[in-house]
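Just so it is clear: chains get the letters A, B, ... in the order the sequence lines come, proteins before strands, and each one is counted from 1.
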2 protein chains.
Amino acid sequence: MNSHFSLAVHSLTLLAHQPENAASSTFIAESASVHPVRIRKVLSMLKQHGLIQSKEGAGGGFVLSRPPESVTLWDVYQVTSKGTLQPRCPDENPDCSVGANMKTVLGSVFSEGEYVFGEHLDQFTIADMLKKCITN
Amino acid sequence: MNSHFSLAVHSLTLLAHQPENAASSTFIAESASVHPVRIRKVLSMLKQHGLIQSKEGAGGGFVLSRPPESVTLWDVYQVTSKGTLQPRCPDENPDCSVGANMKTVLGSVFSEGEYVFGEHLDQFTIADMLKKCITN
DNA sequence: TATACTGTAATTATAAATATTACAGTTTTA
DNA sequence: TAAAACTGTAATATTTATAATTACAGTATA
């Protein structure tokens with residue numbers, strides 16, 4: 001699983017944690033121990049898909065655009081990581097009936113698998129994540 | 001998903017395809033378009049877990065040690081890729097209630113998710129993979 | 001108009017994956 | 001019994017993928 005996903009969940013959870021004021025990329029980056037530009041890239045994806053809003057200029061930053069109870073990890077996964085479950089396969093080899101088809105065959109198994117995995121992720125919301133973090 | 005998995009499935013399917021004679025790492029490597037040493041490393045894992053047998057020396061190579069109908073993709077996954085579903089998380093940040101716990105919280109979500117995903121993989125055997133490859 | 005932000009592109013640095021080389025050990029076969 | 005064809009594995013080099021850094025234009029605030 002790529003790291004965009006965990007950074008996105010982290011950021012959204014942080015925004016849910018302080019719904020009253022916007023969080024800057026620097027603030028989020030320090031919480032996640034990564035570079036602010038990386039946060040801005042990930043949040044750019046979330047913004048494009050309507051999960052957050054941003055405001056430029058002094059005092060600006062990021063806020064949730066939907067209640068954290070309504071955003072699931074599956075929603076986030078689809079924005080940041082769709083298709084990454086797929087196993088890396090070497091190029092197709094036309095000289096071998098196995099080598100020629102393995103990529104396609106495994107591809108369909110993993111596409112279905114991603115859906116099954118998604119049903120699991122869909123059970124958890126950003127609000128759940130916040131609750132789990134705080135009660136620990 | 002790491003590439004060990006797809007190389008392992010590829011190799012096992014190839015062995016199932018020619019049950020009569022052993023396949024050398026060079027033969028498998030050519031079918032999968034990768035380096036023979038890499039194949040030997042992956043097959044070493046499968047051998048340790050009793051999925052295949054190997055024979056050194058001239059005319060040697062690899063053969064299945066169990067019928068391909070009895071080996072599922074979940075069996076292979078557990079040998080080659082257990083834990084790789086886990087998202088990459090930055091180091092824990094003790095100064096932030098979210099940053100301190102996110103890794104653990106996501107960890108448990110993905111451990112359960114791996115199990116769910118495993119139930120899906122468990123539906124497919126190496127024999128199924130061979131059939132799918134050949135009828136394509 | 002200085003300051004504190006987002007947005008994004010370009011570049012550099014680091015880490016991970018993969019290939020390559022090397023060589024010891026094991027069978028077969030000529 | 002020696003050459004050939006293999007596995008097994010470690011060490012190194014190369015390539016690719018990730019991540020950090022730098023740079024700078026644009027925007028809102030005070």
Verify the distance criterion only: is there a donor paired with an acceptor across the side chains of A:Ser31 and B:Asn93 at less than 3.5 Å?
no

For residues 30-48 of chain B, which residues have at least one heavy atom under 4.0 Å from DNA chain C?
B:Val34, B:His35, B:Val37, B:Arg38

Please report the distance, rounded to the nearest Å, between NZ in A:Lys55 and P in C:dG7.
13 Å

Look at the side-chain N and O atoms of A:Ser54 and state whether any lies under 4.0 Å from the OP1 or OP2 oxygen of C:dT6.
no

What integer distance in Å separates B:Gln53:CD from D:dG8:P?
12 Å

Crowding at CG, B:Asn21 (>12 non-hydrogen neighbours, <6.0 Å)
yes

Rounded to whole Å, please give me the gap between CZ in A:Arg88 and C1' in D:dA17.
7 Å

Would the distance check show the side chain of B:His35 and the main-chain N or O of B:Val37 forming a donor-acceptor pair, the cut-off being under 3.5 Å?
yes

I'd like to check B:Val79 versus B:Gln48 (side-chain heavy atoms, cut-off strictly below 4.5 Å). Are they in contact?
no

Nearest heavy-atom approach of B:Gly83 to B:Glu114 is N-OE2, 2.7 Å

Compute the ring centroids of B:Phe117 and B:Phe110, then answer whether they are less than 6.0 Å apart.
no

Between CD1 of A:Ile28 and P of C:dG7 the distance, given in whole Å, is 11 Å

Interatomic distance, A:Asp91 CG vs C:dT18 C1' [rounded to whole Å]:
14 Å

Under a 3.5 Å cutoff, is there a donor and acceptor pairing between the side chains of A:Asp128 and A:Thr125?
yes

A:Ser3 or A:Gly59, whichever maps to the more 5' nucleotide of DNA chain D:
A:Ser3

Give A:Thr26 one of three labels, base, sugar-phosphate or nothing, depending on what nucleic acid heavy atoms sit under 4.0 Å from its own.
nothing

Within this structure, what is the CG-to-P distance between A:Asn2 and D:dT18, rounded to whole angstrom?
8 Å

Quick one: B:Glu56 CD to D:dT7 C1', roughly how many Å, whole number?
4 Å

Between NE2 of B:His4 and P of C:dA19 the distance, given in whole Å, is 11 Å

